[in-house]
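We're numbering straight along the sequence, starting at 1. Worth saying up front: this structure is predicted, and the values here are computed from it rather than measured.
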Amino acid sequence: MPSAAAPIISSVQKLVLYETRARYFLVGSNHAETKYRVLKIDRTEPKDLVIIDDRHVYTPQEVRELLGRLDLGNRTKMGQKGSSGLFRAVSAFGIVGFVRFLEGYYIVLITKRRKMADIGGHAIYKIEDTNMIYIPNDSVRITHPDEARYLRIFQNVDLSSNFYFSYSYDLSHSLQYNLTVLRMPLEMLKSETTQTRQESFDIFEDEGLITQGGSGVFGICSEPYMKYVWNGELLDIIKNSVHHDWLLYIIHGFCGQSKLLIYGRPVYVTLIARRSSKFAGTRFLKRGANCEGDVANEVETEQILCDASVMSFTAGSYSSYVQVRGSVPLYWSQDISTMMPKPPITLDQADPFAHVAALHFDQMLQRFGSPIIILNLVKEREKRKHERILSEELVAAVTYLNQFLPPEHTIIYIPWDMAKYTKSKLCNVLDRLNVIAESVVKKTGFFVNRPDSYCSILRPDEKWNELGGYLIPTGRLQTGVLRTNCVDCLDRTNTAQFMVGKCALAYQLYSLGLIDKPNLQFDTDAVRLFEELYEDHGDTLSLQYGGSQLVHRVKTYRKIAPWTQHSKDIMQTLSRYYSNAFSDADRQDAINLFLGVFHPTEGKPHLWELPTDFYLHHKNTMRLLPTRRSYTYWWTPEVIKYLPLPYDEVICAANLKKLIVKKFHKYEEEIDIHNEFFRPYELSSFDDTFCLAMTSSARDFMPKTVGIDPSPFTVRKPDETGKSVLGNKSNREEAVLQRKTAASAPPPPSEEAVSSSSEDDSGTDREEEGSVSQRSTPVKMTDTGDSAKVTENVVQPMKEVYGINLSDGLSEDDLSIYSRFVQLGQSQHKQDKSNQPLCSRCPDGVIKLTPISAFSQDNIYEVQPPRVDRKSTEIFQAHIQASQGVMQPLGKEDTSVYREYIRNRYL
């Protein structure tokens, strides 16, 4: 079924900031630089932010004229040519937001980006560099002695480390939500379009829309899920006063993409992790939950599988699976003042009616539907009661809440002491996790945007028929989610999530018809590629929350890690301990300031003077609580009515208000993802193509010798792979032990590409876009000895690869056969249809063949020119005459279109 709508592509992708003494002018354009918008920012206000959006879409000519008038009007002397009145300050790719401490406002701009993933033609970028500019000019600036310190604290949040954005894809929502919105019924879109026009911000937005003939396409832009947006507070001040294309929402977490080649068919495997901006912080300083049900270290991880041979969301095949990690939803903490490796766990508040857990699970039911499955990995048997405190309280809370839920939607609780099974020599941890993963995926199902393939009907699998989720005519929906936790939600949680993701990946591949059974084995190219993605994902999240990389990895739990891994684990443990003891407090202050949890105010204590930030995150400590929820009916009434479907994805009046729906002509740039992706107006280089630079299973994991099965689902020995997980990789990891994180590593030097209008003042001069390296993993250097060994193992003899040693000279017989072969091809292409002798001999002795069969036109050698109909000929002749000044009379259809345009434009 064709899609009824398309995502709206932001028309502000390139920005140039121009400066005068009284104002900043921010000129934004789309990527093709055909449409422009302008923001005016007043610089004469010392503490207030005055922004004017003139609500007009400029053409390139209009914006050049505007900038020319501004330049002329701001010169110190009229008619002076030597000095300019308008200065070009900086070029950028988006606005992070506006922030104020104790003086005036700053604007934060993205000045450098790097493409990290591609989903259906929608590019996902990582912020590589930013610029923070003070807005008021020096003549009105009121200085404050503590301003510089706040500025340093704010800049401690490294925006070049794992912050991501997209101009056309909503990263705060899952793929299932984004595609569900695009498949809304046409009747609802039409009604929403009418309301949007009545409340439209820009009176010229629908200027070029053809209202006759039904050729319009609905464009949809959804409101972001603010829980996973990290610059929401920075954009809040301008949200209601500027066009929505200026608002660029960013997420924090991880994004990685790799290419799985299945006999030449490209399949992209994408991993996106969204960190919650609510109750965010560092390891020991943020534990448990706050009074609103937001938990510490909450991360939503989504794995997306798409057939890259078809790009469109409409015609392509897409599948996704979502799971969540987060701290135990109770009031608990750990006191780090004792300087112990494992500070004691204390329950801060008694919560006999599980109020905070109820708020948390109500949020999850609204976003994911039912069932909510809890996989609790904390220890259950301990000599000294430590982690078990959390298990006992969590069991009591879930038991209490389940009393009132309908039986079919109860919360499923799975306790499993992973540490105990790891120490046991009789139990295989991953086998047990695989059993849990199978049962979880069968209950929740997964998302796929196409019906079951015919091959699954021909060869049905018994596991496929037991799969849960929600079946719809166009595919399947995931209902419910797995919520995994240990104490830190780092090492154990990452391995458990990998096993569940591996199980879901098998079902996703099976649903797209790429494998014959929903099962994947370890030591295959596909699983190794997926494991490396998950390790990068785990390292990144561990660094953000815990201060070090993962200590225990998948190989550790498989018990195949090399002996050198133990020393690395010790180093990571020490690194984590040092970070928690000495640097986490400063990082927590920076996060509180960046997210707007703390607002500097004159006359009140400064951020660094606060003994604790407890009251900042628990709002009920500063004001009286609103009416408490019922102790029995603890859920939102609308949410329970639509279960097992998530309420956020249900088509209802409340959700329709969160959408911006506009109607476009089908060839408009705002919805043309083909133009946005391929950019035919740019000169492209294959060397810079993103899809060629990303990690590939065939290039990086498949063995290099001929005769090996090229399938990525074949089990291989460690020495049979291009990048052995056990061998070469472990050697190369020695040199990158201190890497900051896989995804936040500095990229290769940027390549500057001159934009199409670099000579104009209206456009971006040079686009400082990082090299299109997908892999978040940096280049790993080795010493000379190691590199020689690697080359020795990888490069095969030419005779073995090609069957012939190409350095040897060819014999005369081989050369003669080759010349005849070439001559045969030339004779085939150059046909002579005149009567010639059947065979003739050249002076050089090479036989020339004369074809005896006559090929008709429109074959592989000739193309018949297309026939032009009469109407097209008349249009072309009228076009020629118009260029000579001879105009044709207007027809009735042309007159009616012109009248409709005048009526819409001026009346």
Side-chain angles (χ1 to χ4, degrees), residues 119-120 174-176 179 257-271 301-310 315-323 430-431 433-482 497-531 533-534 697-698 701 709-716:
I119 302 174
S174 64
L175 179 73
Q176 175 171 313
L179 293 193
Q257 189 173 56
S258 296
K259 186 195 308 181
L260 185 64
L261 273 175
I262 306 173
Y263 294 106
R265 184 176 180 179
V267 175
Y268 287 174
V269 182
T270 312
L271 206 60
T301 299
E302 180 179 21
Q303 60 187 59
I304 298 174
L305 198 72
C306 63
D307 186 348
S309 56
V310 182
S317 300
Y318 294 86
S319 177
S320 73
Y321 183 77
V322 177
Q323 47 186 324
L430 298 189
D431 284 349
L433 274 175
N434 194 54
V435 173
I436 296 173
E438 285 282 352
S439 66
V440 166
V441 175
K442 283 179 182 178
K443 287 183 176 69
T444 62
F446 60 94
F447 169 73
V448 63
N449 73 330
R450 51 176 279 178
D452 292 350
S453 56
Y454 189 60
C455 62
S456 64
I457 301 174
L458 288 176
R459 300 188 300 274
D461 189 273
E462 56 181 14
K463 292 199 297 185
W464 183 255
N465 298 327
E466 301 170 3
L467 196 62
Y470 193 82
L471 278 173
I472 57 174
T474 55
R476 291 174 174 270
L477 299 179
Q478 178 181 344
T479 56
V481 72
L482 172 69
Q497 284 197 329
F498 164 75
M499 289 302 297
V500 176
K502 171 179 165 291
C503 177
L505 180 67
Y507 280 99
Q508 290 175 280
L509 290 165
Y510 181 78
S511 69
L512 301 184
L514 300 174
I515 55 177
D516 57 352
K517 289 185 180 298
N519 187 34
L520 288 177
Q521 301 288 334
F522 274 106
D523 297 322
T524 59
D525 297 343
V527 173
R528 280 175 172 161
L529 178 144
F530 190 64
E531 182 183 336
L533 263 181
Y534 246 97
S697 63
F701 293 92
D709 184 359
S711 169
F713 309 114
T714 301
V715 178
R716 310 196 190 282

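Applying the side chain to side chain donor-acceptor pair (under 3.5 Å) rule to T270 yields the partners Q257; only residues at least two apart in sequence or on another chain are considered. Looking at residues two or more places apart in sequence or on another chain, you find a side-chain contact (heavy atoms from CB on, under 4.5 Å) between E466 and K442. Among residues two or more places apart in sequence or in another chain, the side-chain contact (heavy atoms from CB on, under 4.5 Å) test is passed with P451 by none. In terms of the side-chain contact (heavy atoms from CB on, under 4.5 Å) criterion, residue partners of T714 (sequence neighbours excluded) are, by chain and number, D709, S711, R716. Considering only residues two or more places apart in sequence or on other chains, Y534 meets the ring pair (Phe, Tyr, Trp, His ring centres under 6.0 Å) condition with F498, F530, H537. Under the side chain to side chain donor-acceptor pair (under 3.5 Å) criterion, S511 pairs with no residue at all, not counting sequence neighbours. For C503, the side-chain contact (heavy atoms from CB on, under 4.5 Å) test picks out A437, E438, V441, Y507, with sequence neighbours left out. Take Q497 and apply the side chain to side chain donor-acceptor pair (under 3.5 Å) test, not counting sequence neighbours, and it matches R325. For the side chain to side chain donor-acceptor pair (under 3.5 Å) test, no residue two or more places apart in sequence or in another chain qualifies with Y510.
For the pair K502 and F522, the cation sits on the ring face: its NZ or CZ lies under 6.0 Å from the ring centre, inside 45° of the axis.
Applying the salt bridge (Lys or Arg N to Asp or Glu O under 4.0 Å) rule to pairs touching residues 259-269 yields R265-D307, sequence neighbours excluded.
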Are R476 and L467 close enough, and set up right, to give a side-chain contact (heavy atoms from CB on, under 4.5 Å), and what steps lead you there? CA-CA 10 Å; R476 291 174 174 270; L467 196 62; 3.8 Å; yes
CA sep, side-chain torsions, deciding dist, call: T444, L482, side-chain contact (heavy atoms from CB on, under 4.5 Å): CA-CA 8 Å; T444 62; L482 172 69; 5.6 Å; no
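Note that the CG atom of N449 and the CG atom of L179 stand 6.0 Å from one another [nearest 0.5 Å]. Residue L305 holds its CG atom at 5.5 Å from CG of L512, rounded to the nearest 0.5 Å. I304 CD1 to Y268 OH: the interatomic distance, rounded to the nearest 0.5 Å, is 14.0 Å. Taking CG of L514 as the start and OH of Y263 as the end, the distance is 12.0 Å to the nearest 0.5 Å. Distance check: D461 CG to K517 NZ gives 5.0 Å after rounding to the nearest 0.5 Å. I515 contributes atom CD1, which lies 10.0 Å from atom CD of Q508 (distance to the nearest 0.5 angstrom).
The backbone N or O of F447 sits less than 3.5 Å from a side-chain atom of S319, completing a donor-acceptor pair. No donor-acceptor distance shorter than 3.5 angstrom exists from the side chain of T301 to the backbone of Q323, with no hydrogens or angles considered. One N or O on the side chain of E302 and one on the backbone of L175 form a donor-acceptor pair closer than 3.5 Å.
The minimum heavy-atom distance between L430 and M499, with the atom names listed, is O-CE, 3.4 Å. Counting all heavy atoms, side chain and backbone alike, S174 lies closest to V322 at CB-CG2, 4.1 Å.
Inter-residue side-chain proximity for P712 and I262 is flagged as met; some heavy-atom pair is nearer than 4.5 Å.
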